[in-house]
Number of protein chains: 2
Amino acid sequence: MTSHDRQYADARYLSQLLVSIAEQAKADFADTVAPLGLPIHLARAVLLLDQPAPMRDLADQLACDRSYITNLADQLEELELVERVPGQDRRVKLLALTKKGVQTRDAISKAVAERSMVLQRLTDAQRETLRPLLELLAGQE
Amino acid sequence: MTSHDRQYADARYLSQLLVSIAEQAKADFADTVAPLGLPIHLARAVLLLDQPAPMRDLADQLACDRSYITNLADQLEELELVERVPGQDRRVKLLALTKKGVQTRDAISKAVAERSMVLQRLTDAQRETLRPLLELLAGQE
DNA sequence: TATTGTTATACTCTATAACTATA
DNA sequence: TATAGTTATAGAGTATAACAATA
């Protein structure tokens with residue numbers, strides 16, 4: 001086996017690990033927010049709305065179409081977690097958390113952190129080591 | 001901010017990084033296998049069929065319903081990548097890669113490794129450091 | 001009785017295209 | 001003309017339930 005082959009085998013193995021970790025993380029997230037009555041995308045949107053944000057921005061962050069955000073926003077309004085507020089540019093609508101939305105966001109945030117694999121399976125030192133590697137992988141160098 | 005709070009903030013940050021890396025990895029995988037004419041789940045199934053395996057096992061590994069595997073198997077047979085072969089237990093059908101299936105698996109495998117973030121963004125040493133941390137996260141201790 | 005794979009069907013997620021109102 | 005959000009619609013992906021064959 002050449003060193004080249006070994007690199008490839010290594011890359012494949014790590015990629016598989018990443019995929020399976022990601023799937024587990026996603027499933028954990030879904031399980032964590034389900035008791036709050038929220039499907040995964042609604043919960044993610046709530047977490048992203050730390051500040052009121054244009055619907056367009058949300059579409060970028062969730063990597064989906066604007067029309068789908070309309071859909072999510074309708075559901076979030078129905079649940080009274082979010083309000084549409086007009087922006088300075090009058091084409092724009094901002095999504096802003098309601099009081100109930102803020103409470104929900106805090107609850108999600110806490111539940112997610114408590115149950116996270118990252119907290120349960122790694123020590124402080126291990127997390128410190130992991131962080132820069134993930135940042136490199138995420139492409140924020 | 002208490003040390004407790006900091007741990008939580010840390011866990012949230014790392015979790016977010018993992019999620020965004022996973023999404024990127026998934027999109028990269030889809031882009032990589034698209035030229036081969038394979039949607040993501042078909043490609044994953046082909047990669048998993050290193051050995052002929054009962055359809056049931058595939059359902060477990062892909063975390064989906066058996067009926068969906070029937071669906072995938074039909075498509076893979078249509079593409080002549082896979083054959084259904086009877087198992088010793090006569091209820092069971094194994095999926096086995098055809099010659100073309102093996103070639104396709106090798107092509108996918110190579111393309112995925114070449115384009116993987118893990119290979120492109122990390123040095124050998126960084127991958128060595130990352131491996132045990134991912135293994136802990138994946139729960140294979 | 002429990003399990004494997006299949007079928008038919010239905011539901012969820014998400015995008016596309018055409019529209020409106022602003023800019 | 002280009003952009004933000006909306007609407008209606010369609011497609012992909014995936015599950016559920018009932019079933020046949022086998023254990």
Side-chain angles (χ1 to χ4, degrees), chain A residues 19 22-24 26-27 29-31 33-34 36-49 51-79 81-96, chain B residues 19 22-24 26-27 29-31 33-34 36-49 51-79 81-96:
Chain A
V19 168
E23 279 175 353
Q24 217 175 313
K26 192 176 167 188
F29 185 79
D31 290 348
V33 299
L36 298 164
L38 291 175
I40 199 161
H41 251 171
L42 293 190
R44 286 192 66 194
V46 169
L47 281 182
L48 287 173
L49 287 174
Q51 303 298 325
M55 295 173 70
R56 177 56 199 249
D57 289 3
L58 219 51
D60 290 341
Q61 292 178 278
L62 293 175
C64 64
D65 194 82
R66 275 161 294 146
S67 66
Y68 185 53
I69 299 298
T70 296
N71 191 332
L72 294 183
D74 289 347
Q75 295 179 66
L76 289 170
E77 276 199 338
E78 185 67 29
L79 293 167
L81 297 176
V82 146
E83 289 178 325
R84 284 170 163 95
V85 307
Q88 68 299 0
D89 178 337
R90 281 161 56 206
R91 289 173 301 183
V92 171
K93 292 176 193 168
L94 305 175
L95 296 187
Chain B
V19 168
E23 280 174 352
Q24 217 176 312
K26 192 177 168 188
F29 184 80
D31 290 348
V33 299
L36 298 163
L38 290 175
I40 199 162
H41 252 170
L42 293 188
R44 286 194 65 194
V46 169
L47 281 183
L48 287 173
L49 288 175
Q51 302 299 325
M55 294 173 70
R56 178 56 198 251
D57 289 3
L58 219 52
D60 291 342
Q61 294 178 277
L62 294 176
C64 65
D65 194 81
R66 273 162 298 146
S67 67
Y68 185 54
I69 300 298
T70 295
N71 190 333
L72 294 183
D74 288 348
Q75 295 179 66
L76 290 170
E77 277 199 337
E78 184 66 31
L79 294 167
L81 298 176
V82 146
E83 289 178 324
R84 285 170 163 96
V85 307
Q88 67 300 0
D89 177 336
R90 281 161 56 204
R91 288 173 302 184
V92 171
K93 291 175 192 167
L94 305 174
L95 296 186

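Chain letters run A, B, ... following the sequence lines, proteins first and then strands; every chain starts at 1. Nothing here was measured: the structure is a model prediction, and the numbers come from that model.
Protein atom CG of A:D65 is 15 Å distant from nucleotide atom C1' of D:dA12, rounded to whole Å. Spacing between atom CZ of B:R66 and atom C1' of D:dT22 amounts to 14 Å, rounded to whole angstrom units. When rounded to the nearest whole Å, the span between CD1 of B:I69 and P of C:dT3 equals 18 Å. When the P atom of C:dT14 is taken as reference, atom CG of A:L62 falls 9 Å away, rounded to whole Å. In this entry the distance linking OH of A:Y68 with C1' of D:dT7 reads 17 Å, nearest Å. Counting to the nearest Å, the C1' atom of D:dA4 and the CG atom of A:L58 are 14 Å from each other. To the nearest angstrom, C1' of D:dA12 lies 13 Å from CG of B:L72. One interatomic measurement links the two molecules: CG of A:D60 to P of C:dA15, which rounds to 12 Å at whole-angstrom precision.
A close approach under 4.0 Å does not occur between any side-chain nitrogen or oxygen of A:K93 and OP1 or OP2 of C:dA21. Contact between the side-chain N/O atoms of B:R56 and the OP1/OP2 oxygens of C:dT4 is found at a separation under 4.0 Å. At the phosphate of D:dA12, neither OP1 nor OP2 sits under 4.0 Å from any side-chain N or O atom of B:H41.
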Start with the C-alpha gap between B:R84 and B:M55, add the side-chain angles, then the distance that decides, and say whether side chain to side chain contact (heavy atoms under 4.5 Å, CB included) holds.
CA-CA 9 Å; B:R84 285 170 163 96; B:M55 294 173 70; 4.0 Å; yes
Please report the C-alpha distance between A:L72 and A:L62 in whole Å, then the side-chain angles of each, then the deciding distance to 0.1 Å, and finally whether the side chain to side chain contact (heavy atoms under 4.5 Å, CB included) criterion is met.
CA-CA 11 Å; A:L72 294 183; A:L62 293 175; 3.9 Å; yes
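Rounding to the nearest 0.5 Å gives a distance of 10.5 Å between CG of B:N71 and CG of B:D65. Going from atom CD of B:Q75 over to atom NE2 of B:H41 covers 11.0 Å, rounded to the nearest 0.5 Å. With rounding to the nearest 0.5 angstrom, the CZ atom of B:R56 is 14.0 Å from the CG atom of B:L95.
Salt bridge annotation for B:E77-B:K93: absent, with no cationic side-chain nitrogen under 4.0 angstrom from a carboxylate oxygen.
With distances taken from any side-chain atom of A:R91 to the nucleotides C:dT7, C:dA23, C:dT16, the minimum falls on C:dA23. Taking every side-chain heavy atom of A:C64 into account, C:dA15 is the closest of D:dT14, C:dA15, D:dG5. With C:dA17, D:dG5, C:dG5 as the candidates, the nucleotide lying closest to the side chain of A:S67 is C:dA17. Of all nucleotides listed (C:dA15, C:dT14, C:dT6), C:dT6 comes nearest to the side chain of B:M55. Residue B:T70 has its side chain nearest to C:dT6 when only C:dC13, C:dT6, D:dT6 are considered.
Taking every heavy atom of residues 81-90 of chain B and every atom of DNA chain D, pairs under 4.0 Å involve B:D89, B:R90, by number.
The side-chain contact (heavy atoms from CB on, under 4.5 Å) search around B:L79 returns B:L38, B:L42, B:L81, not counting sequence neighbours.
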